[in-house]
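Structure first, then comments.
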Amino acid sequence: MRGMAGIRNIVILTGAGISAESGLRTFRADDGLWENHPVEQVATPQGFRRDPELVQRFYDERRVNVLAAEPNAAHRALARLDSEWDGELLIVTQNIDDLHERAGATRVLHMHGEALSAWCLACDARHRWTGTLLDGPACPTCGEIALRPDIVWFGEMPYEMERIFAALARADLFVSIGTSGAVYPAAGFVQQAKSARARTLELNLERSQGSGWFDESRLGPASELVPAWVEEVLT
Ligand code: BV8
């Protein structure tokens, strides 16, 4: 990327596209998750109240897929950047998989929650969870049968928005990887970064809905674009 001079603080937003080459389905592709699971049924609090079994089964299946997946070259390249970049760096992911962390990244924030976490609606505790929730297991803290997937559904406030807005306000460089820019508030981050006079770069298979906001767009698979970009940044 033309000269990284003056670039200290980097914010990276990732979406389902970065995990596509790890075998995890994206949302809006032809075989996307929303194709045969209407979003209002499986990813809204109303849908959960209406049919908790349908929702628990949907996320039990996602949890199995996440556990079976492996990080790809794009996740590994961001983990390398995380370990070698001595400026500020925050990887804000919309993904509920743990592939960033399994690749070794630590400066990661899951704004839409995590598949491997269960949230107790009775005592508000959160537990690392690799099993199922459909069979109504008791909360390890309070014993109540009140566990739901620790996921941010539509109409719910994403996690750690203050921390994200603070990082965007300080960003010198904002990079968006593998996201269609269809879901807010994440889709609005590029505008916030621009208003903080950050440089903006998109790495995506195809132009996203917010493509026009980016100073530069590179189109192609994340497993190729991300390692090449990280090499540029670090050398
Ligand atoms: C909220 C967890 C109040 C669940 C998810 C403003 C305008 C309009 C609507 C709204 C608005 N503000 C809020 C809304 C409502 C809503 C919204 O945005 N609706 C949309 C549909 C219009 N937003 C909300 O409800 C949010 N909450 O607003 O609360 C609030 C908030 C802040 C401040 C005040 C009040 C909550 C939204 C979160 C919902 N939960 N996920 C789950 O995972 O099951 S969203 C979910 O869908 C993902 O997390 C992600 O965010 C989104 C999917 O998008 P992507 O990840 O981008 O995936 P997609 O398939 O779309 O695209 C993949 C891309 O990758 C493509 O571009 C493709 O080309 C590319 N690609 C594919 N393969 C590769 C690749 N790129 C590179 N390499 C490859 N190999």
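Whatever order the structure lists them in is the order used to number ligands and atoms, beginning at 1. Residue numbers start at 1 and run along the sequence shown. Just the heavy atoms: all of them, side chains too, but no hydrogens, waters or symmetry mates, feed the values below.
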I'd like to know if A186 contacts ligand 1, where contact means a heavy-atom distance under 4.0 Å to any ligand atom.
no
Mark the output for G155 as yes if a heavy-atom distance to ligand 1 is under 4.0 Å, and as no if none is.
yes
What are the atoms of ligand 1, with element, lying closer than 4.0 Å to any heavy atom of A20?
73 (N)
Flag side-chain contact, heavy atom, 4.5 Å: L54 against P52
no
Centre of W153's six-membered ring, under 6.0 Å away, within 45 degrees of the axis: is that where NZ or CZ of R148 sits?
yes
Run the side-chain donor-acceptor check on residues 177-192: report pairs under 3.5 Å with partners two or more places apart or on a different chain.
{"from": "T179", "atom 1": "OG1", "to": "Q94", "atom 2": "NE2", "distance (Å)": "3.0"}

Tell me if the CH2 atom of W213 is crowded by more than 12 foreign heavy atoms within 6.0 Å.
no
Test of understanding: given a 4.0 Å heavy-atom threshold, classify the contact between V183 and ligand 1 as side chain, backbone, both, or neither.
both
Close approach, A74 and ligand 1, non-hydrogen under 4.0 angstrom
no
By number and element, which atoms of ligand 1 are closer than 4.0 Å to a non-hydrogen atom of E21?
78 (N), 79 (C), 80 (N)
Examine the proximity of ligand 1 to A182 and report which part, side chain or backbone, both or neither, has a heavy atom under 4.0 Å away.
backbone
Evaluate the criterion side-chain contact (heavy atoms from CB on, under 4.5 Å) for residue pair F174 and V92; output intermediate values, then yes/no.
CA-CA 11 Å; F174 174 76; V92 178; over 6 Å; no
So, is A222 polar-close to ligand 1, with some N/O to N/O distance under 3.5 Å?
yes
Below 4.0 angstrom from a heavy atom of R62, which ligand 1 atoms are there? Numbered from 1 as shown, please.
42 (C), 43 (O), 44 (O)
Would A16 count as being in polar contact with ligand 1, using the rule that some N or O on each side must be under 3.5 angstrom apart?
yes
Mark up the atoms of ligand 1 that fall under 4.0 Å of a heavy atom belonging to G220, in ascending order.
77 (C), 78 (N)
Any N/O of T179 closer than 3.5 Å to an N/O of ligand 1?
yes
List every atom of ligand 1 that sits less than 4.0 Å from any heavy atom of Y59, numbering the atoms from 1 in the order shown and giving each element.
4 (C), 42 (C), 44 (O)
Distance alone, cut at 3.5 Å: any donor-acceptor contact between the side chains of S211 and E202?
yes
Could you verify whether a donor N or O on one side chain and an acceptor N or O on the other, from N72 and S22, lie under 3.5 Å apart?
yes
Any nitrogen or oxygen of P221, main chain or side chain, under 3.5 Å from a nitrogen or oxygen of ligand 1?
no
Minimum distance, heavy atoms only, to atom 26 (C) of ligand 1: which one of F58, Y184, F154 is it?
Y184
Quick one: does ligand 1 sit under 4.0 Å from the side chain of Q94, the backbone, both or neither, non-hydrogen atoms only?
both
Any N or O of V152 that comes nearer than 3.5 Å to an N or O of ligand 1?
yes
State if P185 counts as touching ligand 1 under the rule of any non-hydrogen atom under 4.0 Å.
yes
Can you tell me which portion of S180 lies within the under-4.0 Å heavy-atom range of ligand 1? Options are side chain, backbone, both, or neither.
both
Compute the minimum heavy-atom distance from M111 to ligand 1 and say whether it is under 4.0 Å.
no
What atoms of ligand 1 come closer than 4.0 angstrom to any heavy atom of L205?
69 (O), 71 (N), 72 (C), 73 (N), 74 (C), 75 (C), 76 (N), 77 (C)
Evaluate the salt bridge (Lys or Arg N to Asp or Glu O under 4.0 Å) criterion for residues R163 and E88: first the C-alpha distance (whole Å), next the side-chain angles of each, then the deciding distance (0.1 Å), finally the verdict.
CA-CA 13 Å; R163 193 172 153 214; E88 284 182 25; over 6 Å; no
Ligand 1 contact by E206, heavy-atom criterion under 4.0 angstrom:
yes
Check: I164 and M111 side chains under 4.5 Å, non-hydrogen atoms:
yes
G15 neighbourhood, listing ligand 1 atoms whose heavy-atom distance to it stays under 4.0 Å:
56 (O)
Any side-chain donor-acceptor pair under 3.5 Å between D150 and Y59?
no
Give the numbers and elements of all ligand 1 atoms closer than 4.0 Å to a heavy atom of I151.
2 (C), 4 (C)
Side-chain contact, heavy-atom cut-off 4.5 Å: H127 with T141?
yes
